[in-house]
Peer 1: 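Mind looking over this structure? Questions follow.
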Number of protein chains: 2
Amino acid sequence: MERLLKTMKIGINEKIYLKDPESSDLGKRILEHSINLINEIGFENFTFRKLGTLIGSNESSIYRYFENKHKLLLYLSSWYWGWLEYQLVLATNAITNPSEKLKKTIEIFTKKTEIDSSFPHINEVLLNRIIINEYSKSYLTKEVEQENKDGYFEIYKRLIERISQMITNVNADYKYPASLASTILEGSFHQYFLQEHFPSLTNCDENNTPSAYFNDLVFKSLK
Amino acid sequence: MERLLKTMKIGINEKIYLKDPESSDLGKRILEHSINLINEIGFENFTFRKLGTLIGSNESSIYRYFENKHKLLLYLSSWYWGWLEYQLVLATNAITNPSEKLKKTIEIFTKKTEIDSSFPHINEVLLNRIIINEYSKSYLTKEVEQENKDGYFEIYKRLIERISQMITNVNADYKYPASLASTILEGSFHQYFLQEHFPSLTNCDENNTPSAYFNDLVFKSLK
DNA sequence: GCAAATATAATAGTATTACTATCAAATAAT
DNA sequence: ATTATTTGATAGTAATACTATTATATTTGC
């Protein structure tokens with residue numbers, strides 16, 4: 001995968017970090033290796049101390065970039081949603097037929113993630129796994145109300161609103177475009193989780209992709 | 001709401017607890033007040049020490065019932081799924097028409113929870129909120145593989161398999177009964193979460209219930 | 001009604017987590 | 001070359017997530 005706009009940077013709400021991790025070498029190493037470490041040991045077991053040891057840096061230095069690991073997770077997920085939005089716009093912008101556009105959108109959200117060489121310090125494949133396994137934890141908190149006001153979920157919300165709009169463009173009479181958009185997004189990540197850990201609770205596997213399931217679901221709904 | 005089978009007890013995998021909390025007064029107080037406290041401060045901030053203070057008991061006494069708060073969450077959710085299964089069977093058993101049966105099932109999963117006076121130490125309304133806000137955390141862990149083998153999610157899985165079977169009974173040719181069943185279950189709880197915290201990401205509100213949305217979704221899919 | 005068994009409470013202690021503060025050393029900018 | 005900025009090292013605190021021990025109730029069996 002090759003990026004078209006070489007100078008593009010995923011724009012993330014500045015309140016999420018104390019110091020922009022994209023602005024320094026240490027910052028980029030924090031991003032790169034936090035993705036590896038969270039994948040390896042899970043978000044609950046992940047600590048800044050362990051990350052510091054891993055990258056040969058100091059715990060206190062990491063705290064200068066992020067207040068805590070929750071903020072780091074918000075950063076990583078915002079990055080992911082921003083990246084996905086970029087993929088989405090790139091893949092669907094030229095399509096004029098609303099159904100084709102929506103079909104492509106479902107594909108973008110449900111297909112297997114591939115490495116994007118444009119961002120060498122971000123492993124999108126592992127980041128996708130973090131979204132599947134940890135993203136819910138970033139909003140299932142007592143602070144969600146305030147953090148939503150602070151705009152920490154804006155890219156995610158914008159993505160769903162985009163899908164919602166595309167649904168309406170296919171069928172303006174459909175009554176639940178936002179709900180269906182949310183279902184597609186959360187649901188497709190959940191189907192991947194089930195595939196790995198609870199295969200009896202899904203029909204998705206090598207032959208039946210989540211893509212096929214959601215295409216069926218969405219287009220029957222909009223008929 | 002009145003229970004028909006007075007002696008019924010929700011059966012929970014014995015490996016989840018060290019000592020059956022239903023077997024003593026302290027155990028029941030642990031269940032009752034953990035539901036209140038988790039609702040109030042959230043699962044992350046909840047500790048056995050705080051719970052002990054609240055119920056005028058000792059931290060170490062609570063540890064004799066549950067290894068840790070994760071196990072307590074597994075207990076509470078198993079109880080909830082068992083209770084829902086009971087509601088489901090009761091409400092649908094007599095229905096012979098497969099479509100009617102499935103319609104009733106969707107209603108059971110999406111309707112607002114009401115207090116069940118049969119279990120005075122369990123507040124089902126608050127427990128429902130815990131499921132909405134905390135259940136994902138019980139399986140989004142590094143231990144999910146082992147805990148699944150140990151049977152900690154069996155009631156949840158059985159519930160989804162029941163819905164899946166009902167879907168197949170309506171349309172035997174439908175290719176994704178398990179995936180759709182998972183989508184109904186996770187999705188309906190998620191729609192309630194969105195209603196409360198991200199209303200722009202759902203069309204469900206006082207007038208448009210999640211029930212209506214999922215009925216539309218499911219029956220169009222099965223046509 | 002009493003002894004034995006069991007359940008609960010009180011206290012203390014450990015390792016880890018989630019930070020904050022301070023100061024020194026390295027690096028970059030002017 | 002001086003100053004400012006960034007990073008590293010060390011130490012310290014309060015809270016968490018437990019375990020262990022012993023004392024005190026309470027229940028049960030005979």
Side-chain angles (χ1 to χ4, degrees), chain A residues 14-34 37-38 40-76 121 134 137-138 140-143 146-147, chain B residues 14-34 37-38 40-76 121 134 137-138 140-143 146-147:
Chain A
E14 293 184 7
K15 279 187 239 160
I16 289 182
Y17 49 79
L18 298 170
K19 184 183 164 158
D20 185 359
E22 292 285 350
S23 72
S24 74
D25 183 65
L26 178 62
K28 283 178 194 150
R29 276 195 295 140
I30 290 172
L31 297 181
E32 179 178 356
H33 290 95
S34 66
L37 191 53
I38 291 172
E40 215 172 293
I41 64 177
F43 188 66
E44 278 70 41
N45 303 314
F46 172 86
T47 69
F48 281 178
R49 181 163 294 224
K50 287 175 187 169
L51 177 61
T53 306
L54 183 71
I55 65 180
S57 177
N58 200 272
E59 193 187 7
S60 61
S61 304
I62 300 167
Y63 274 105
R64 283 197 199 91
Y65 285 84
F66 295 101
E67 269 178 71
N68 49 48
K69 67 176 181 176
H70 171 69
K71 287 285 180 77
L72 171 60
L73 180 59
L74 286 172
Y75 183 95
L76 292 175
H121 58 297
E134 322 286 0
K137 298 169 193 170
S138 78
L140 295 177
T141 68
K142 280 284 160 181
E143 296 76 33
Q146 184 56 50
E147 294 187 347
Chain B
E14 293 185 6
K15 279 188 238 159
I16 289 182
Y17 49 78
L18 297 170
K19 183 183 163 154
D20 185 358
E22 291 285 350
S23 72
S24 74
D25 183 66
L26 177 62
K28 283 179 194 150
R29 276 195 297 140
I30 289 173
L31 296 181
E32 179 177 356
H33 290 94
S34 66
L37 191 54
I38 291 172
E40 216 173 291
I41 64 177
F43 187 67
E44 276 70 42
N45 303 314
F46 171 86
T47 68
F48 281 177
R49 180 164 294 225
K50 287 175 188 168
L51 178 61
T53 306
L54 183 70
I55 65 181
S57 177
N58 201 273
E59 194 188 7
S60 60
S61 304
I62 301 168
Y63 274 106
R64 280 197 202 88
Y65 285 84
F66 295 101
E67 266 180 74
N68 50 48
K69 67 177 181 175
H70 171 69
K71 288 285 179 78
L72 170 61
L73 180 59
L74 286 172
Y75 183 95
L76 293 175
H121 59 297
E134 323 286 1
K137 298 169 193 169
S138 77
L140 295 176
T141 67
K142 279 285 159 182
E143 295 76 33
Q146 183 58 48
E147 295 188 345

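Below, chain A is the first sequence line, B the second, and so on; all start at residue 1. Both backbone and side-chain heavy atoms feed into the values below; hydrogens, waters and symmetry mates do not.
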Peer 1: When all nucleic acid strands are considered with a 4.0 Å heavy-atom cut-off, which category describes A/S61: base, sugar-phosphate, or nothing?
Peer 2: base

Peer 1: Can you find a side-chain donor-acceptor pair between B/H70 and B/E147 that sits under 3.5 Å?
Peer 2: yes

Peer 1: Within the distance-only criterion (no hydrogens, no angle test), does the side chain of B/T53 pair as donor or acceptor with the backbone N or O of B/R49 below 3.5 angstrom?
Peer 2: yes

Peer 1: Taking only the side-chain nitrogens and oxygens of A/K19, find out if one of them lies under 4.0 Å from OP1 or OP2 of D/dT5.
Peer 2: no

Peer 1: For nucleotides 18-29 of chain D, read 5' to 3', which letter fits each nucleotide if B means a protein heavy atom sits under 4.0 Å from the base, S means only the sugar-phosphate is that close, and - means neither?
Peer 2: BBB---------

Peer 1: Looking at B/G52, is its backbone amide N or carbonyl O close enough to the side chain of B/E59 to form a donor-acceptor pair, meaning the two atoms are under 3.5 Å apart?
Peer 2: no

Peer 1: Atom CG of B/L18 and atom P of C/dA7: how far apart are they, to the nearest Å?
Peer 2: 13 Å

Peer 1: Separation of A/F48 atom CZ from D/dT7 atom C1', in whole Å?
Peer 2: 16 Å

Peer 1: Using a 4.0 Å heavy-atom cut-off across all strands, classify B/Y65 as base, sugar-phosphate, or nothing.
Peer 2: sugar-phosphate

Peer 1: Is a donor on one side and an acceptor on the other found under 3.5 Å between the side chain of A/K71 and the backbone of A/L18?
Peer 2: no

Peer 1: Would you check if A/Y17 and A/Y65 make a side-chain contact, meaning some heavy-atom pair closer than 4.5 Å?
Peer 2: no

Peer 1: Send over the distance from A/D25 CG to D/dT5 C1', rounded to a whole Å.
Peer 2: 16 Å

Peer 1: Between A/R29 and B/T47, name the one whose nearest nucleotide on DNA chain D is closer to the 5' end.
Peer 2: A/R29

Peer 1: When you measure from the side chain of A/K69 to the backbone of A/F46, do you find a donor-acceptor pair of N or O atoms at a distance under 3.5 Å?
Peer 2: yes

Peer 1: Can you tell me how far P of C/dA10 sits from CD1 of B/I62, to the nearest Å?
Peer 2: 12 Å

Peer 1: Take atom CG of A/N45 and atom C1' of D/dT16, then tell me their distance rounded to the nearest Å.
Peer 2: 14 Å

Peer 1: Short question: side chain of B/K19, backbone of B/G27 - any donor-acceptor pair under 3.5 Å?
Peer 2: no

Peer 1: Find the distance B/I41:CD1 to D/dT16:C1' and express it as a whole number of Å.
Peer 2: 13 Å

Peer 1: Does A/S24 place a side-chain N or O at less than 4.0 Å from the phosphate oxygens OP1/OP2 of D/dT7?
Peer 2: yes

Peer 1: Without decimals, in angstroms, what is the distance between A/L51 CG and C/dC19 C1'?
Peer 2: 15 Å

Peer 1: Rounded to the nearest Å, what distance is computed from the CD1 atom of residue B/I55 to the P atom of nucleotide C/dA10?
Peer 2: 12 Å

